[in-house]
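Shown next, in structure tokens, is the structure this report addresses.
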Amino acid sequence: MTKNVIEVSELSAAFDERKVLHRVNFSVPGQQVTVILGGSGSGKTTILKHLLGLYPVDEGRVRIFDRDLASLSEEEQRLLYQQMGVFYQNGALLNNLNVLENIALPLQQHTQLPEDLIAEMVRMKLRLVGLHDAALLFPSQLSGGMLKRAALARAIAMDPPLLFCDEPGAGLDPVSLARLDQLILNLKEQLGITVIMVTHEVSSILRTADHIVFLDEGQIVLEGSKEEALASDLPVVRDFFGKGTGAY
Amino acid sequence: MPNTFKVKKKVVYHSLRYEPQNGVLYLQGKLTREQAGEVLHWEARLESKHLPAVLCLDYSGVRELDSAGSTAVHILRRRLKERGLHLEERGLSPEWEERLNLFSPADPQATAAAKKESLPYRLGSWIQEFWTKHARGFMLLMADMLFWGLRDLFKRGQRRKGEAVNQAVGIGVNAVPIVMVLAFIIGLVLALQSAAQLRNFGANIFIVDLIVIAMMAEMGPLITAIVVAGRSGSSIAAEIATMKVTNETDALQTMGINPLRFVVVPKLYGALLTLPFLTVLANVAGIAGGATAAYAYLDIGPEVFFNRMPAVLYQKDIVTGLVKSLAFATLVVLTGTWFGFQVDKGAEGVGKAATRSVVASIALVIVADLVLGLLFY
């Protein structure tokens, strides 16, 4: 039984008067791929932003590596960020830096490593994501799939034990998506990292998920293994996996 | 006598320990990003003349190994081999071996920077690119814009109703306060600087000639064009660049709508419609500024100043100013459009387009001012 890396309890969130999360409780087991899924507007991205500390926790509690997110000082938050890699949906690479410089950035900012070692590490990370021939290109010169892989290389630049992936499959063809999933699985298997993925790509979920958190209208309707999700009788879950009547 | 390494200065390393008598380098503890740099530091301080023929790398003490540590080990192996050493390895657990394989180095050739060409070659390439990509394209855009501008004058075509008026308000009417304030100040300063010289020669009254001709034929249109280039030229470039980045121009194209006619032609009308009026207002404000300075420093009252004005004001100067304002309006819209359409993907490109548009349109306005000044001289 692996230890929980993240624990969310009674988390609620609202924008103006509109409640988007209602007393959400779930945990993320270490060294597994946890997929947070649900339809559009179910609150997936809001949860992710709370986990990343981008939204303040007003109601409830979020604990990452046994630390309460709300009680962290700025310095503690900065150190925590070094333990996290975030793979954004649109890549979020800096446009005025080439791919090599983008990936080297966190290493240059947070480590004392010599430049030649950093350069070699970046090349190695690029090879890992199959992008070694695009190191000197700028983000505007990359295709959608290349952009995703470059973003993943940057997310794992610091070897984070915790990797967040926000809609990694959005805009990718099935073959590229399968490769990306395999890459994420390799990282999990070989480095033992914990992956939290927000997605609604069913094929990707079936390939990668160990643990599933299913959201509907800001509430968790199911938390469990992939098998439990697939065997669920809940109409919203059955519809999501293409097994329902579509009546929901 | 065993081979020994000599290290220049005693340094304490946490992630390695060297036993020269045995020729063994023990890698130990945490080989992670906090300490991986030590490995390369140690290697860099070795003196080549004391290198052993065979060096054994012992990994049995390694407790943690991340990508930084793995990369450092790969670089160490490579550099020691380049120095002619024969390497032996021991104590490498399957886990660390797998980790080292996962983080194996990339082919440096693939990421090497392109070879730098010679200066004449680069200069030639730049000139060729400037002509084929920029100068020719700019002229084609100008022809296209003038064609659609003239054609849509008589037929609305793909313009939205009221759009030209909206643009006229945005480009011209909203710029009235800033143009008038700047023109007043420039007229004031111009008169102020000239007053001292004219007074020396007892030619105080010629301040009227100087201010009126300078403002009507030169400064009025120029100030107006520069302000509009800064305000509206950048805004046109940024708007078109954003549309291009977000594929809006592609969407228009695929809907069978010419983006130039739909987006740019109304802006051209707006600028052409308002810049002459804006220029007249700038002239009035500039002359008022000059009259203020003339009254304050040369004792030339408003009555004298304005009575002399008709004597020095020729129709040609008025026409020159207005023709210039029309030319400047076209140039500002054209430059903004050109740089807007030149943008690649990305938010950074939008900012660059706006900046380049302002710089280029101000430069072009000044060059055009010279050309028209010579023509009307």
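Reckoned from all heavy atoms, side chains included, excluding hydrogens, waters and symmetry mates. Given the structure is predicted, the values throughout are model-derived calculations rather than measurements. Letters A, B, ... mirror the listed sequences (proteins, then strands); counts begin at 1.
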Which one of [options] has the most heavy-atom pairs closer than 4.5 Å to chain B?
options	answer
A:Thr111, A:Asp116, A:Leu117	A:Leu117
A:Leu191, A:Val122, A:Leu128	A:Leu191
A:Lys125, A:Gln112, A:Met158, A:His110	A:Met158

ask   = Can you check whether A:Glu7's main-chain N or O pairs, donor with acceptor, with A:Ser27's side chain at less than 3.5 Å?
value = no
ask   = Backbone N or O of A:Gln89 within a donor-acceptor pair of the A:Lys148 side chain at under 3.5 Å?
value = yes
task = Apply side-chain contact (heavy atoms from CB on, under 4.5 Å) to the pair A:Arg179 and A:Val175, showing each step before the final yes or no.
result = CA-CA 6 Å; A:Arg179 280 193 195 133; A:Val175 178; 4.0 Å; yes
inquiry  = Between B:Lys30 and B:Asp66, is the salt bridge (charged side-chain N to carboxylate O under 4.0 Å, His left out) condition met? List the steps.
reply    = CA-CA 9 Å; B:Lys30 288 169 72 174; B:Asp66 68 0; over 6 Å; no
inquiry  = Is B:Ile75 in contact with chain A via its backbone, its side chain, both, or neither, using a 4.5 Å heavy-atom distance?
reply    = side chain
request  = Give, as side chain, backbone, both or neither, the part of B:Ser104 having an atom under 4.5 angstrom from any heavy atom of chain A.
outcome  = both
query = B:Phe339 ring centre to B:Arg356 NZ or CZ under 6.0 Å, with the angle to the axis within 45°?
reply = no
message = Less than 4.5 Å apart, side chain to side chain, heavy atoms only: is that true for B:Ser67 and A:Met124?
response = yes
task = Answer whether the closest heavy-atom distance between the side chains of A:His211 and A:Val33 falls below 4.5 Å.
result = no
query = Aromatic rings B:Phe130 and B:His134: how do their planes relate, parallel, tilted or perpendicular, breaks at 30° and 60°?
reply = tilted
ask   = Quick one: what part of A:Ala119 sits under 4.5 Å from any heavy atom of chain B, side chain, backbone, both or neither?
value = neither
key: Atom group of A:Gln82 that falls short of 4.5 Å from chain B, counting heavy atoms   = both
note = Against chain B, residues from residues 44-52 of chain A with at least one heavy atom under 4.5 Å, in numeric order, are none
request  = Kindly indicate, with the supporting measurements, whether the criterion salt bridge (charged side-chain N to carboxylate O under 4.0 Å, His left out) is fulfilled by B:Arg78 and A:Glu120.
outcome  = CA-CA 12 Å; B:Arg78 190 177 68 221; A:Glu120 191 86 25; 3.0 Å; yes
